[in-house]
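Nothing fancy with the numbering, it's 1 onward along the sequence.
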Amino acid sequence: MEQSYLRELASDTEYFGYYLAGLVADKLDEGHSLGYSHRDYCGMGLEKNDKGEYLYGELYDGGMMIPSKFTNRESFVEWLAFQSTASLARLNDKEEFYRGNQTLTRQRLEQFIGQSFGKF
C-alpha cells in the first residue's frame, strides 16, 4: 500500500461522533449494508442481520466473515461514535495487505448516508 495513503489515513483521528454514527445506524435499520461486493477480499463492512444485531467485519466475495456483533443500536452507535478513519484503517495489522485496504473511512460513511459534513 502506498505510504502516503497510509499516512493520510493515520492522520485522520477525529472521532466520527454520535450524530454520524446515528445516521449510519438509521441506514442499516432501513436494510442497507455498507461494503464492497466482488471476488475475494472486499474490505471491511457494516450490516444488520435478521436478529437485529449490528455487524462489523471482513467481507469476502461480498459476504461477512466472523464479524464483531453489537446486540443493540445503542452499543453499536456508542462504538462507532468513538471510531475514526485512523482507528478503522487496520494500520497495525500483521499482514501488510490489510492495512488501509478497503477499510471504513469517514468519507465512505458519509457516502453511505448520502451526506458530507466536511472537516470540523
Can you list the residues that meet the ring pair (Phe, Tyr, Trp, His ring centres under 6.0 Å) rule with F16, with sequence neighbours excluded?
-> none
Where do L88 and Y56 land on the side-chain contact (heavy atoms from CB on, under 4.5 Å) test, with the steps shown first?
-> CA-CA 10 Å; L88 295 182; Y56 167 72; 3.7 Å; yes
Should we count CG of D40 as having more than 12 external heavy atoms under 6.0 Å?
-> yes
Output the distance between atom CG (L9) and atom OG (S84), rounded to the nearest 0.5 Å.
-> 10.0 Å
Looking only at heavy atoms, which two atoms of A21 and A81 are closest? And how far apart?
-> CB-N, 3.7 Å
Can you get from Y5 to Y36 by hopping between Ile, Leu, Val, Met, Phe, Trp and Tyr side chains that sit under 4.5 Å apart?
-> no
Do the non-hydrogen side-chain atoms of E58 and M64 ever get within less than 4.5 Å of each other?
-> no
Can you label the angle between the Y98 ring and the Y41 ring as parallel, tilted or perpendicular, going by 30° and 60°?
-> perpendicular
Report the C-alpha separation of L55 and L46 in whole Å, then their side-chain angles, then the decisive distance to 0.1 Å, and conclude whether the side-chain contact (heavy atoms from CB on, under 4.5 Å) test is met.
-> CA-CA 5 Å; L55 309 176; L46 295 170; over 6 Å; no
With rounding to the nearest 0.5 Å, note down the distance linking NZ in K69 to OG in S75.
-> 13.0 Å
Rounded to the nearest 0.5 Å, what's the gap from CZ on F112 to CG on L20? Could you check?
-> 10.5 Å
Only pairs at least two apart or in different chains count here, so list each salt bridge (charged side-chain N to carboxylate O under 4.0 Å, His left out) that has a residue in residues 19-36.
-> D26-R73, D29-K48, D29-R73
For A86 and A10 the tightest heavy-atom approach is CB-O, 3.6 Å
For residues L109 and L34, determine if any side-chain heavy atom of one lies less than 4.5 Å from a side-chain heavy atom of the other.
-> yes
Interatomic distance, SG@C42 vs CG@N101, rounded to 0.5 Å, equals 10.0 Å
Should H32 and E47 be marked as a side-chain contact (heavy atoms from CB on, under 4.5 Å) after you check the CA-CA gap, both sets of side-chain angles, and the distance that decides it?
-> CA-CA 7 Å; H32 301 279; E47 60 187 52; over 6 Å; no
Distance under 6.0 Å and angle within 45° of ring axis: R39 vs Y60 = no
Donor-acceptor contact below 3.5 Å, side chain R99 vs main chain N92 = no
Stepwise, does the side-chain hydrogen bond (donor to acceptor under 3.5 Å, both in side chains) test hold for T105 with Q107?
-> CA-CA 5 Å; T105 63; Q107 181 180 13; 5.0 Å; no
Rounded distance [0.5 Å steps], OH in Y54 versus CZ in F70 | 11.5 Å
Can you check whether R106's main-chain N or O pairs, donor with acceptor, with T85's side chain at less than 3.5 Å?
-> yes
Distance col, row E8:CD vs Q3:CD, nearest 0.5 angstrom, shows 13.0 Å
Would you find a donor on one side and an acceptor on the other, under 3.5 Å apart, between the side chain of R108 and the backbone of Q102?
-> yes
